[in-house]
Number of protein chains: 2
Amino acid sequence: MRLDEKQGVMKIGELAKRSGLSAHTIRYYERIGLLPYADRDAGGRRDYDESILVWIAFLDRLKTTGMPIREMLHYAELRAEGGHTGPERRRILEAHRDRVRTHLADLQACLLVLDTKIDTYVEAEKRTHSHDDTEHSHKAGPIGARSARA
Amino acid sequence: MRLDEKQGVMKIGELAKRSGLSAHTIRYYERIGLLPYADRDAGGRRDYDESILVWIAFLDRLKTTGMPIREMLHYAELRAEGGHTGPERRRILEAHRDRVRTHLADLQACLLVLDTKIDTYVEAEKRTHSHDDTEHSHKAGPIGARSARA
DNA sequence: CCTTGACTTAGAGCGCGCTCGAACCCCTAG
DNA sequence: CTAGGGGTTCGAGCGCGCTCTAAGTCAAGG
């Protein structure tokens, strides 16, 4: 370990671990322009510093909320272009936010229907097993306790 | 119009209009087993009755909530198999519901971050244009009023 | 009779977002 | 010196969910 290598602290493998993306995916993202071209060390290997993690986390959120890569790319290009693109980036995010809100509402509506449907199955099972309530053991458990967060 | 054709009331084209799926997609769904094999008229054309719309609406909800076709297919097969598969169908729906809830929570979290990010752009624009607040007219409007439902 | 147009089938093709394989390079530990 | 385990590039391949093309059938209207 010599001291003339201070900039980059992570090689792609470590970034992969820390970001949750695969090294393959990181290279792919760089190729298409979602990630900035990374500095290389003497041997041509990518060398990242922490700051990339922030950008990747942001991309993850866009991805989670269903933004297509094409659009993330557009945003990334604007970002690379500089500060004067702020207003357009803002508009992109606002439009995206609205789509997400709409989708969220759709999901919530579906969830209600799903709950209702599940209830009809629960009722049906009650009627079928009627009073015969010997342990349903492994079948499902007493509802709830399964939903992790929320 | 003769009277010996009462069962089916819709041809695939009308079902397409009423269900929002394309005729291509309807045939595709039948092929893979998501939709039951439809009765054909004398000329071999598919002839549907209203009840199919209910099933399609349910499939749409599963789709909207991100269930992969493979799993809908499994559900569809159980359904076709009969009433004794109720408990398993129930378990499938419960597991799916839990995934949807989790995803919903993720989305909500992302939405918060998105809002924050947008705020930073808004702030930045405030500082840039400072007191120069001549109409930003078509740029965005005074927020809100755009999200349709919800 | 002939055209129009909605229907039929089998199967190819597409857009998306990765994911992987092949062949090679380079650094380090044993 | 050698083996291993990273890394590199380029490009092919894949799973998903449709989407479309081609070639043909059939029924009704002018």
Side-chain angles (χ1 to χ4, degrees), chain A residues 1-5 7-49 52 56 59-76 96 99, chain B residues 1-5 7-35 37-49 52 56 59-76 96 99 103:
Chain A
M1 184 191 290
R2 298 209 318 288
L3 354 103
D4 54 317
E5 19 168 279
Q7 298 303 316
V9 183
M10 277 180 281
K11 289 282 181 281
I12 201 173
E14 200 192 335
L15 178 58
K17 268 170 218 148
R18 295 181 57 181
S19 69
L21 301 175
S22 74
H24 280 310
T25 301
I26 293 170
R27 287 190 207 100
Y28 165 69
Y29 280 0
E30 182 184 296
R31 238 162 37 207
I32 66 174
L34 253 196
L35 295 180
Y37 186 82
D39 293 340
R40 312 296 158 114
D41 68 9
R45 279 95 171 266
R46 289 172 182 80
D47 221 343
Y48 296 94
D49 71 32
I52 194 71
I56 291 178
L59 289 179
D60 273 349
R61 284 180 224 285
L62 295 182
K63 184 165 80 180
T64 296
T65 51
M67 182 183 284
I69 280 187
R70 240 173 313 96
E71 200 171 339
M72 296 191 218
L73 210 44
H74 182 199
Y75 184 94
H96 181 59
R99 288 194 303 267
Chain B
M1 188 189 290
R2 299 209 316 288
L3 355 103
D4 53 319
E5 17 168 282
Q7 297 304 316
V9 182
M10 276 180 282
K11 289 281 181 282
I12 200 172
E14 200 192 336
L15 178 57
K17 269 169 216 147
R18 295 181 58 182
S19 68
L21 299 176
S22 74
H24 280 310
T25 301
I26 293 170
R27 288 189 205 101
Y28 165 69
Y29 280 0
E30 181 184 296
R31 248 178 8 226
I32 65 174
L34 254 195
L35 294 180
Y37 186 84
D39 292 341
R40 314 294 158 117
D41 68 11
R45 278 96 171 267
R46 290 170 183 81
D47 223 341
Y48 297 95
D49 72 31
I52 194 71
I56 290 178
L59 288 179
D60 273 349
R61 284 181 224 286
L62 294 182
K63 184 165 79 179
T64 295
T65 51
M67 183 182 284
I69 280 186
R70 238 173 315 95
E71 199 171 339
M72 295 190 219
L73 209 44
H74 182 199
Y75 185 93
H96 182 59
R99 287 193 303 267
H103 183 54

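Chain letters run A, B, ... following the sequence lines, proteins first and then strands; every chain starts at 1.
Under 4.0 angstrom from either OP1 or OP2 of C/dT9 there lies at least one side-chain N or O belonging to B/R40. OP1 or OP2 of D/dT8 sits under 4.0 Å from a side-chain N or O of A/R46.
Whole-Å rounding puts the B/L34 CG to D/dC16 C1' distance at 13 Å. Per the geometry, CE belonging to A/M10 stands 17 Å off P belonging to D/dG6, to the nearest Å. We find that NZ of A/K11 is positioned 14 Å from C1' of D/dG5, with the value rounded to whole Å. D/dG7 atom C1' lies 9 Å from atom CG of A/D41, rounded to whole Å. In this structure, CG of B/D47 is placed 14 Å from C1' of D/dA27, rounded to the nearest angstrom. A/I12 places its CD1 atom 17 Å from the P atom of C/dC26, with the value rounded to the nearest Å. The distance from atom CD1 of A/I32 to atom P of D/dG11 is 17 Å, rounded to the nearest whole Å.
Here the CG-CG distance, from B/L35 to B/L21, works out to 7.5 Å after rounding to the nearest 0.5 Å.
Across A/Y48 and A/I12, no two heavy atoms sit closer than the pair CE1-CA, 4.1 Å. Contact record, A/I52 with A/M10: CG2-CE, 4.4 Å, taken as the closest heavy-atom pair. In terms of heavy atoms, A/T65 sits closest to A/L62 at OG1-O, 2.9 Å. The two atoms that bring B/A16 and B/A23 nearest to each other are CB-N, 3.8 Å, heavy atoms only. Residue B/L34 comes nearest to B/A76 through the heavy atom pair O-CB, 4.3 Å, listed as atom of the first residue, atom of the second, then distance.
Across C/dT9, D/dT25, D/dG11, the shortest atom-to-atom separation from the side chain of B/R45 is found for D/dT25. Checking D/dG7, D/dC10, C/dC7 against the side-chain heavy atoms of A/R31 singles out D/dC10 as nearest.
At least one donor-acceptor pair closer than 3.5 Å links the side chain of A/R40 to the backbone N or O of A/A38.
The closest side-chain heavy-atom distance from B/Y29 to B/I56 is not below 4.5 Å. Residues B/L73 and B/R70 form no side-chain contact, since every pair of their non-hydrogen atoms from C-beta on lies 4.5 Å or further apart. Using a 4.5 Å heavy-atom threshold, the side chains of B/D39 and B/D49 count as separate. Using a 4.5 Å cut-off on side-chain heavy atoms (C-beta onward), A/K11 and A/R46 make no contact.
Axis orientation changes by 20° from one end of the helix from C/dC1-D/dG30 to C/dG30-D/dC1 to the other, with each end axis drawn from 5 pairs and the value rounded to 10°.
Contacts of residues 18-30 of chain B with DNA chain D (heavy atom under 4.0 Å): B/H24, B/T25, B/Y28, B/Y29. Of the residues in residues 60-75 of chain B, none has a non-hydrogen atom less than 4.0 angstrom from any atom of DNA chain C.
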